[in-house]
Novice: 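Sharing a structure here in structure tokens format.
Chain letters run A, B, ... following the sequence lines, proteins first and then strands; every chain starts at 1. Just so it is clear, the model here is predicted, and its values are computed rather than measured.
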Protein chains: 2
Amino acid sequence: MGLKRPVVTLKDVAAEARVSRATAARALNSYGYVGDETALRVQEAAERLGYRGNRVAQALRRGQLPIIGFVLGDIQNPFFARIAHDLEGELRKRRHNLLIASSEEDTAQEKALFESLRGLSIRGFIVAPTSADDNAHLEETVREGVPVVLIDRAVKSLECDSVVVDNEGGARQAVDYLINSGHRRIGLLQDETRIFTSQERLAGYRNALEAHGIELENSLISVSPSTVEHAIEATIRLFSQRKPPTALFTVDSLMTQGALLALRSMGLSVPKDVSLIGFDDFNLATFTDPQITVVAQPIAEIGPLAAQMLIDRLSGKKDPPRNVRFPTRLIIRGSVSRRVEV
Amino acid sequence: MGLKRPVVTLKDVAAEARVSRATAARALNSYGYVGDETALRVQEAAERLGYRGNRVAQALRRGQLPIIGFVLGDIQNPFFARIAHDLEGELRKRRHNLLIASSEEDTAQEKALFESLRGLSIRGFIVAPTSADDNAHLEETVREGVPVVLIDRAVKSLECDSVVVDNEGGARQAVDYLINSGHRRIGLLQDETRIFTSQERLAGYRNALEAHGIELENSLISVSPSTVEHAIEATIRLFSQRKPPTALFTVDSLMTQGALLALRSMGLSVPKDVSLIGFDDFNLATFTDPQITVVAQPIAEIGPLAAQMLIDRLSGKKDPPRNVRFPTRLIIRGSVSRRVEV
DNA sequence: TTGAAAGCGCTAACAT
DNA sequence: ATGTTAGCGCTTTCAA
């Protein structure tokens with residue numbers, strides 16, 4: 001695998017340019033006084049030697065690594081992948097790297113991750129916490145003065161910025177729409193209620209039913225991890241009951257896809273046999289026949305805003321925490337049918 | 001945002017346990033000789049103070065940060081998202097973090113990324129290089145002795161491990177199947193030929209045509225960045241010609257989805273008007289009606305193998321580079337129709 | 001305008 | 001079994 005060549009340090013550059021390390025540093029980072037000629041000589045020397053500053057040493061000196069941690073539940077969820085993409089772009093402009101770490105929706109793993117990342121002296125965190133309640137690790141991080149921005153999922157007790165959407169409203173609107181289309185037995189496919197969005201979307205579901213005087217039936221609610229495979233199973237369970245729902249509301253796009261696949265495998269057609277609305281839009285939602293009605297989130301705005309909030313904190317902004325909540329939008333397509341009561 | 005509390009260092013722990021820093025380090029990292037009693041006292045002190053080793057200082061000392069860089073073109077591509085997920089899991093077991101950095105399929109940006117990440121003294125890289133040719137940055141990284149594992153895309157001149165699939169064979173088999181189904185005007189929707197997989201998949205397309213004595217027509221090849229939006233445009237261009245193709249082969253799942261959407265928007269039905277095969281399987285491929293015929297990759301094996309290769313290198317394995325190429329599999333579903341020559 | 005020197009937190013060779 | 005000390009590469013205060 002080739003010969004290792006020694007790494008060029010500031011000392012080498014300084015020697016090459018025949019100045020002290022201090023002067024070399026000044027010339028390369030353009031601060032303090034340096035003679036024009038000297039500066040040039042140092043820069044040339046650095047160039048010639050292929051000098052590349054050791055960011056670890058700089059970090060040890062300054063106390064922080066120019067890295068932001070993004071802690072999420074699942075990078076395979078297109079929603080988070082999009083956010084990650086946007087965050088990385090914004091941070092790149094600030095010469096920071098993004099370290100994406102997955103909790104796999106496991107609170108213990110999320111805590112371990114924090115333990116490990118905190119030791120890295122990372123500058124700040126953007127987090128979609130796995131649990132709405134169990135957040136000692138986040139509190140400690142905030143208490144130690146490390147900026148945290150919550151994304152997609154808030155934590156009430158935490159004094160930090162957050163960017164979420166109107167989960168309750170979006171879910172309520174969706175279920176409302178199903179009810180107004182004549183449905184009474186409306187299934188809910190959600191992930192664990194430990195998760196903030198799940199709680200709020202459940203609340204929206206519950207509130208919509210209540211507003212129409214429909215009693216909530218636990219047998220119509222199916223809980224599963226948010227993957228296509230698990231959602232398939234959960235959907236099959238839901239629709240294998242003696243009195244299955246006539247409509248289904250799913251809380252994210254992976255689950256919507258799982259539900260679609262499951263219903264098809266059971267020979268149930270959408271929207272003839274089952275009406276469907278999913279939270280979170282997705283690429284193929286308009287390709288399927290019928291097209292899927294969804295609650296869309298303003299996904300393009302979430303990542304950039306969160307990045308900006310974090311950057312503001314990094315540059316010392318001391319305002320009280322901002323908690324932004326974006327509205328959602330019901331996009332009516334063709335997966336809901338009118339149901340005439342029997 | 002709360003009071004900053006001072007960070008606990010080894011020195012504090014040592015003082016608390018009334019031992020030297022060396023002893024404290026030994027007790028905490030369990031190496032060298034430490035008295036049982038002393039060790040216990042140190043561990044208790046660390047616990048009490050909430051000591052968390054400074055990984056940056058450790059890295060400066062040891063010369064490396066326990067971080068692996070994953071440089072890819074687009075985290076929003078489900079293929080890469082899956083790989084990232086698997087890599088992270090494997091590396092976590094080795095107490096390493098994964099830093100995902102996106103080149104956005106831009107070679108210049110990829111180079112800048114390397115420049116920046118090399119300065120971080122990252123332990124190794126897993127890379128899906130943007131260009132099959134322009135790889136001075138990779139060569140330099142390898143030359144400096146930093147382990148690199150190529151994934152999805154190889155670079156011939158580079159002395160390092162790689163994990164790819166049989167792109168030429170997979171593409172050839174797909175196009176073969178189209179030809180055997182009676183198609184002669186077969187469109188190709190691919191990303192830029194700078195990209196390794198694109199080159200190989202194009203070769204497969206070309207070879208299949210050639211084997212059947214069909215002349216390649218440039219007007220049937222459409223190049224676009226690999227996003228759903230760009231693929232939609234490119235597909236529309238392809239099928240707006242006076243003599244459009246009767247079949248289409250797309251080189252990845254995002255493009256397949258774009259093609260699907262575009263064809264639908266043009267009122268062309270699959271497979272009646274256009275037959276379709278996509279490289280890379282995807283969740284909804286079996287939901288659409290008809291289900292989409294695809295060339296599937298053994299995606300579950302790629303990430304773990306690459307991770308293992310890198311880990312082996314990190315632990316000093318000196319074998320000559322391994323270049324693994326997985327076979328692909330044509331999964332015949334319903335998006336190809338027999339075409340009777342007119 | 002430049003240089004000398006201290007020190008960030010940690011590890012490990014060496015000394016005791 | 002434990003302590004002393006040097007030094008990883010860099011920045012920055014202080015002195016010249």
Novice: Just how far, in rounded Å, is P of C:dC10 from CZ of B:Arg52?
Specialist: 12 Å

Novice: Provide, to the nearest angstrom, the distance between the CG atom belonging to A:Leu65 and the C1' atom belonging to C:dG9.
Specialist: 14 Å

Novice: Between atom CG in B:Leu60 and atom P in D:dA6, what is the gap in whole Å?
Specialist: 18 Å

Novice: Over how many whole Å does the gap from A:Lys11 atom NZ to D:dG7 atom P extend?
Specialist: 9 Å

Novice: Identify whether the distance between the nearest side-chain nitrogen and carboxylate oxygen of A:Arg313 and A:Glu159 falls below 4.0 Å.
Specialist: no

Novice: Got a sec: does the CZ of B:Arg325 have more than 12 other heavy atoms crowding it under 6.0 Å?
Specialist: yes

Novice: Within the 4.0 Å heavy-atom criterion, would you say A:Gly53 contacts the bases, only the backbone, or no part of the nucleic acid?
Specialist: sugar-phosphate

Novice: Got a sec, which residues hit side-chain hydrogen bond (donor to acceptor under 3.5 Å, both in side chains) with A:Arg92, two or more places apart in sequence or on another chain?
Specialist: B:Gln109

Novice: Let me know, please, whether B:Tyr33 or A:Leu10 comes out on the 5' side of the other along DNA chain D by nearest nucleotide.
Specialist: B:Tyr33

Novice: So which nucleotide from C:dG9, D:dT2, C:dC10 ends up closest to the side chain of B:Gln58?
Specialist: C:dC10

Novice: Look at A:Tyr51 and D:dC10 and indicate whether a side-chain polar atom (N or O) is within less than 4.0 Å of OP1 or OP2.
Specialist: yes

Novice: Which ring pair (Phe, Tyr, Trp, His ring centres under 6.0 Å) pairs, counting each pair once, include a residue from residues 69-125 of chain A, with sequence neighbours left out?
Specialist: A:Phe114-A:Phe125, A:Phe114-A:His137

Novice: Can you list, in residue-number order, the parts of residues 15-29 of chain A that come under 4.0 Å of DNA chain D, counting heavy atoms only?
Specialist: A:Arg21, A:Ala22, A:Ala25, A:Arg26, A:Asn29

Novice: Using whole Å, report how far CG of B:Leu120 lies from P of D:dC10.
Specialist: 13 Å

Novice: Can you tell me if the side-chain N/O atoms of B:Thr38 get under 4.0 Å from OP1 or OP2 in D:dA1?
Specialist: no

Novice: If I take atom CZ in residue A:Arg62 and atom P in nucleotide D:dG9, what distance separates them, rounded to the nearest angstrom?
Specialist: 17 Å

Novice: Would you please name every residue forming a side-chain hydrogen bond (donor to acceptor under 3.5 Å, both in side chains) with A:Lys93, sequence neighbours left out?
Specialist: A:Glu90

Novice: List for me each residue that meets side-chain hydrogen bond (donor to acceptor under 3.5 Å, both in side chains) alongside B:Glu44, sequence neighbours excluded, and say none if there are none.
Specialist: none

Novice: Write out all pairs satisfying side chain to side chain donor-acceptor pair (under 3.5 Å) with one or both partners inside residues 14-24 of chain A, taking only residues at least two apart or from two chains.
Specialist: A:Glu16-A:Arg48, A:Ser20-A:Thr23

Novice: Just how far, in rounded Å, is P of D:dT12 from OH of A:Tyr31?
Specialist: 5 Å

